[in-house]
Amino acid sequence: MIREFQAFNREHNLIEHSDSIVVGVSGGADSVCLLHLLCLLQKEWELTLHVYHLHHGIRGKDADRDAEFVRKIAGELGLPCRIERVNVPGEAVRLHMSEEEAGRLIRYEKMEQYRKEHHLRKIATAHHRDDQAETVLFRLFRGTGPRGLAGIPSARGAIVRPLLFAGKNDIETWLKDRGVAWCEDTTNVENKYARNRIRNEILPMVEREINSEAGRHIAEAAEKIDSWKQYIGRMSRELYERVLSERADVNTSGENADKKEVRLYIPALQREDVVLQREVLGLALSELVDGAKDIGQIHFSRLLELMKSDTGKELCFPGGLIIRKSYDELVFGKRGSGILPYTHIECSVPANYRIEKGDGLWEFQMRIAKREDLPSEIPQKDYTKWFNYDKIKDSLVFRNPCEGDYFVIDKAGHRKKLGRYYVDQKIAREEREYQLVLAEGNHVLWAVPGRISEAYKVNKDTKYVLVITGERVPI
């Protein structure tokens, strides 16, 4: 294990002589293994090591046990250690994320804060080969492109993952042979999370019935795709610099300080292969938004169409982005100062969502009920709406209006543009982009708190009803 660890680190240039590192230690086998490997090499490589553990506030006494275990093992190894506790479930609600997503985000943020506070160079996490295979499958099942299939990078910024070469069984065998204990996370065997089902059911089935080395092959494929991605990345960065017309930092005050506007020269971009075009468009988007969680293939397809459209045409994207065609340029910018933050919340049911509107903070409760279990009379209230759940085929999103949004206004299926509705309601043009809608694609179910689409109204054939209730929340 130690020789493989050294070879992998040399190959990927992850940990250098005299590095200072904060090691994320959960108490599980993977992070305990990483910590012990680094300690074995600490003197030879002249490493400075610190231990960091995040208590998620989720698993009660088990989480307390893990935190105490990490504190003890750090003490035995003579390493500085910080244990921090965060209410991850509460933060997940605030951030409109799953607990799993929020925990990952907060963990990295806290370790980065610790790294800067102690002037350390790197953050080491214990992702291993099986994590890599699970991640690739998870992204593939949900829908992804080559970038997602590259999996978990061995390094990103200050973060290094020096254990990606090893499988879970290799790690546990090495620890057992050395008599090193670790904590078992009981939630890892629960299959309520999609990743756990892949880890506990799907990948073992594939390795048992198709190829015993499937996990290794998936991880190796991800590494190859990552090398291709890096090559394409270098080419697209060169092209991006060539087609970049302008990148203006707009110095304003308050929350909208340091906005950016990016202009791409369309004729030069269109001369290149569509693969490079998409990459360059992604680089332009990344100038204006952190990450691309809500930017999908449909957005890139719409951008390619926009380049061919008439001047003046405009698109609005998640994150408050506005992209418009201006003669030979594609102009990327953020929404104006506005009156509200941009809203884009993908909904799952049942769930509660807190959303800021012009008249304050509101909580929307969403649940599904059998029609037979509800009162016969449909409520006629601004913030209590029923929808025919049988008709909903795609994911729902609470968001601000976008170009192309429409209602179905009658049983014959005739449509009305959302913008026309706002005109009829005498909503000023400058206020329309900050209105709130519940939509399935461009089909608006509900212009909150106004009308709902005829296509989603409950009727005599409805079996299941999506019930949404909105209540103002005191601030």
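This structure is a prediction, so every number in the text was calculated from the model and none was measured.
- To the nearest 0.5 Å, the span separating OG on Ser26 from NE2 on His55 amounts to 12.5 Å.
- Note: Phe407 CZ to Asn442 CG = 12.5 Å, rounded to the nearest 0.5 Å.
- Salt-bridge formation is not detected for the pair Lys224/Glu220: no Lys NZ or Arg NE/NH1/NH2 atom is positioned less than 4.0 Å from an Asp or Glu carboxylate oxygen.
- With sequence neighbours excluded, no residue forms a salt bridge (Lys or Arg N to Asp or Glu O under 4.0 Å) with Glu440.
- When the side chain to side chain contact (heavy atoms under 4.5 Å, CB included) test is applied to Ala351, the partners found at least two apart in sequence or on another chain are Ser348, Tyr353.
- Aromatic rings of Phe69 and Trp182 (six-membered ring for Trp) have centroids beyond the 6.0 Å cut-off, not under it.
- Applying the salt bridge (Lys or Arg N to Asp or Glu O under 4.0 Å) test to Arg302 and every residue at least two apart in sequence or in another chain returns nothing.
- Applying the side chain to side chain donor-acceptor pair (under 3.5 Å) test to residues at least two apart or on different chains, the pairs with a partner in residues 406-418 are Tyr406-Arg415, Asp410-His414, Lys416-Asp424.
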Verdict with reasoning, Tyr240 to Glu287, per side-chain hydrogen bond (donor to acceptor under 3.5 Å, both in side chains): CA-CA 12 Å; Tyr240 178 68; Glu287 293 272 6; 3.1 Å; yes

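- Every side-chain hydrogen bond (donor to acceptor under 3.5 Å, both in side chains) that Glu91 has, sequence neighbours left out, goes to Arg94.
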Pair Ile452, Lys385 - check side chain to side chain contact (heavy atoms under 4.5 Å, CB included), show working. CA-CA 8 Å; Ile452 69 173; Lys385 299 296 182 184; 4.0 Å; yes

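- Here the closest heavy-atom approach between residue Phe387 and residue Leu445 is recorded as CE2-O, 3.5 Å.
- Scanning for salt bridge (Lys or Arg N to Asp or Glu O under 4.0 Å) contacts around Asp30 gives Lys168, with sequence neighbours left out.
- Ring pair Tyr383/Phe364 is tilted by interplanar angle, where 30° to 60° counts as tilted.
- With sequence neighbours excluded, no residue satisfies salt bridge (Lys or Arg N to Asp or Glu O under 4.0 Å) with Arg371.
- The list of ring pair (Phe, Tyr, Trp, His ring centres under 6.0 Å) pairs with a residue in residues 122-166, not counting sequence neighbours, reads Phe8-Phe165.
- Partners of Val397 according to the side chain to side chain contact (heavy atoms under 4.5 Å, CB included) rule, which considers only residues two or more places apart in sequence or in another chain, are His344, Glu346, Arg399.
- Separating the CD1 atom in Ile159 from the OG atom in Ser154 is a distance of 12.0 Å, to the nearest 0.5 Å.
- Partners of Tyr389 according to the ring pair (Phe, Tyr, Trp, His ring centres under 6.0 Å) rule, which considers only residues two or more places apart in sequence or in another chain, do not exist here.
- For Arg354, the side-chain hydrogen bond (donor to acceptor under 3.5 Å, both in side chains) partners are Glu363, not counting sequence neighbours.
- Under the side chain to side chain contact (heavy atoms under 4.5 Å, CB included) criterion, Leu140 pairs with Leu149, not counting sequence neighbours.
- In this structure, Pro401 and Gln435 approach most closely via the heavy-atom pair CD-O, 3.0 Å.
- Residues Gln113 and Met111 form no side-chain contact, since every pair of their non-hydrogen atoms from C-beta on lies 4.5 Å or further apart.
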